[in-house]
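Encoded as structure tokens, the structure appears first; notes follow it.
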Amino acid sequence: MADKLLKLGIPAGSLQEATAELFRKAGYNIKFSSRSYFPSIDDDEIECLSIRAQEMARYVQQGILDAGITGHDWVVETGADVHEVCELVFSKVSRRPVRWVLAVPNDSDIKSVKDLEGKRIATEAVGLTKMYLEKHGVNADVEFSWGATEVKPPRLVDAIVEVTETGSSLRANNLRIVDEVLESTTRLIANKNAFEDDWKAQKLNNIALMLQSCLAAEGKVGLMLNVRRSDLQKVLEGLPALQQPTVSNLSDPDWVAINTILDESVVRAIIPALREAGATGIVEFPINKIID
Ligand SMILES: Nc1ncnc2c1ncn2[C@@H]1O[C@H](COP(=O)(O)OP(=O)(O)OP(=O)(O)O)[C@@H](O)[C@H]1O
Ligand SMILES: O=P(O)(O)OC[C@H]1O[C@H](OP(=O)(O)OP(=O)(O)O)[C@H](O)[C@@H]1O
Ligand SMILES: [Mg+2]
């Protein structure tokens, strides 16, 4: 049926590769070809369009796209009226939010937002910056920057408001953070009318479930082990209490099997302790998805 098609915006630019990689983990294969706005996806019910993150919310609001992936920052900046299906905490290189920050040269006299009175600020997010200045009752010139904003101070402007993830671009340009303007994460957003359509809403909720379950599984591993029933309490005490481990019977009534999920970072300390406590047959395995 022709209307069983979800038009989905995939962000071009910083989020493109991380988005495609997350979809791949979730079971969808997205392929980009140069100069095409239509990446292919191995699901006949989805049509992908490659759109700049800045423009995503506008096209979603207008219904040109049913849904899209973009940063919360651009939803706020564009003031688009869209439905947020879910938050997806991933950025270009990390699984942390990005921050829009007010930054100045290391040796600048500007120490707080109040010192911006009458100064020049360059940014790609003019709306966010003006809202921030207004909140602090400061009057300054905010000019739109097409990019490479970090190279502008001190010759062209006094300060910038720019997005940062690892901080390396700011460091490379001898800039210091004065204040945080907005913290932002990636979101799956939908057109409000499209989300009224049961089929589209379910399709989007299913995509959200798969993407979120992949993010939830990152940095986690599964662990299974066997233990004498008499050692069970001691072994359970050695496992992080985050998750209730599954304990199941074995054919030998004196033994039980334990199945649990752990942060990969603690495994190297926990496995030797489990062995010491009497566990045997310890197996660590990778996990792809966690659905609560
Ligand atoms: N490391 C990062 N740098 C910039 N934006 C990031 C980063 N990680 C995540 N984002 C998010 O990606 C979106 C940026 O999209 P945009 O299309 O402006 O990317 P861009 O970096 O300007 O693209 P390009 O690579 O074409 O310059 C924003 O929502 C931003 O919050
Ligand atoms: O804190 P960092 O990890 O250094 O990331 C932030 C930088 O990444 C983005 O630039 P991008 O590479 O997209 O170049 P652009 O200036 O052309 O947008 C963004 O505009 C910052 O410059
Ligand atoms: Mg950019």
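Hydrogens, waters and symmetry mates are skipped; everything else that's a heavy atom, side chains included, is used. In each ligand, atom 1 is the first atom listed, and ligand 1 is the first ligand listed.
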State plainly whether the residues [X] and [Y] are in salt-bridge range, i.e. N to O under 4.0 Å.
| X | Y | value |
| --- | --- | --- |
| Glu218 | Arg95 | yes |
| Lys234 | Glu237 | no |
| Glu84 | Arg187 | yes |
| Glu21 | Arg24 | yes |
| Lys111 | Asp179 | no |

Heavy-atom gap Leu15 to ligand 1 smaller than 4.0 Å: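 So Leu15 counts as touching ligand 1.
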
Ala12 near ligand 1 by a heavy-atom separation under 4.0 Å: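 Yes; Ala12 lies near enough to ligand 1 that a heavy-atom distance drops under 4.0 Å.
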
Can you hop from Leu102 to Val151 via hydrophobic side chains spaced under 4.5 Å?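 Different clusters: Leu102 never reaches Val151 through Ile, Leu, Val, Met, Phe, Trp or Tyr contacts under 4.5 Å.
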
So if I count the atoms of ligand 1 from 1 in the order they appear, which ones are less than 4.0 Å from some heavy atom of [X]?
| X | answer |
| --- | --- |
| Asp73 | 28 (C), 29 (O), 30 (C), 31 (O) |
| Glu165 | 1 (N), 2 (C), 7 (C), 8 (N) |
| Ser91 | 8 (N), 9 (C) |
| Gly71 | 29 (O) |

Pick whichever of Arg52, Glu183, Met56, Gln16 has a heavy atom sitting closest to atom 27 (O) of ligand 1.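 Nearest heavy atom to atom 27 (O) of ligand 1 lies in Arg52.
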
Selection from Ser169, Ser145, Ala172 by shortest heavy-atom distance to atom 4 (O) of ligand 2: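 Closest candidate by heavy-atom distance is Ser169.
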
Has ligand 1 got any nitrogen or oxygen that is less than 3.5 angstrom from a nitrogen or oxygen of Lys92?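 Yes - when backbone and side-chain N and O of Lys92 are compared with those of ligand 1, one distance drops under 3.5 Å.
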
Return a yes/no value for Trp100: is any of its N or O atoms, backbone included, closer than 3.5 angstrom to an N or O of ligand 1?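 Not met; the criterion fails.
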
Check this for me - ligand 2, Gly167, N or O atoms closer than 3.5 angstrom, yes or no?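 Gly167 vs ligand 2: N/O contact under 3.5 Å present.
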
Thr164 N/O to ligand 2 N/O under 3.5 Å: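 Looking only at distances, the answer is yes, because the N/O contact criterion of under 3.5 Å is met.
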
Who pairs with Glu165 by side chain to side chain donor-acceptor pair (under 3.5 Å), at least two apart in sequence or on another chain?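 So Glu165 forms a side chain to side chain donor-acceptor pair (under 3.5 Å) with Ser94.
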
So if I count the atoms of ligand 2 from 1 in the order they appear, which ones are less than 4.0 Å from some heavy atom of [X]?
| X | result |
| --- | --- |
| Lys92 | 12 (O) |
| Glu162 | 19 (C), 20 (O), 21 (C), 22 (O) |
| Ser14 | 13 (O) |
| Ala148 | 16 (O) |
| Glu150 | 21 (C), 22 (O) |

Applying salt bridge (charged side-chain N to carboxylate O under 4.0 Å, His left out) as the test, list every pair that has at least one member in residues 134-147; sequence neighbours left out.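 Output for this query lists Arg120-Glu143.
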
Apply side-chain contact (heavy atoms from CB on, under 4.5 Å) to residues Ile177 and Arg99 and explain how you reach the verdict. CA-CA 11 Å; Ile177 296 176; Arg99 299 192 301 147; 3.3 Å; yes

Side chain proximity check, Val221 to Phe285, heavy atoms < 4.5 angstrom: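 No, their side chains stay 4.5 Å or more apart.
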
Look at the side chain of Lys25 and the backbone N and O of Ala20, then say whether any donor-acceptor pair between them is shorter than 3.5 Å.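 Checking the backbone N and O of Ala20 against the side chain of Lys25, no donor-acceptor pair under 3.5 Å is found.
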
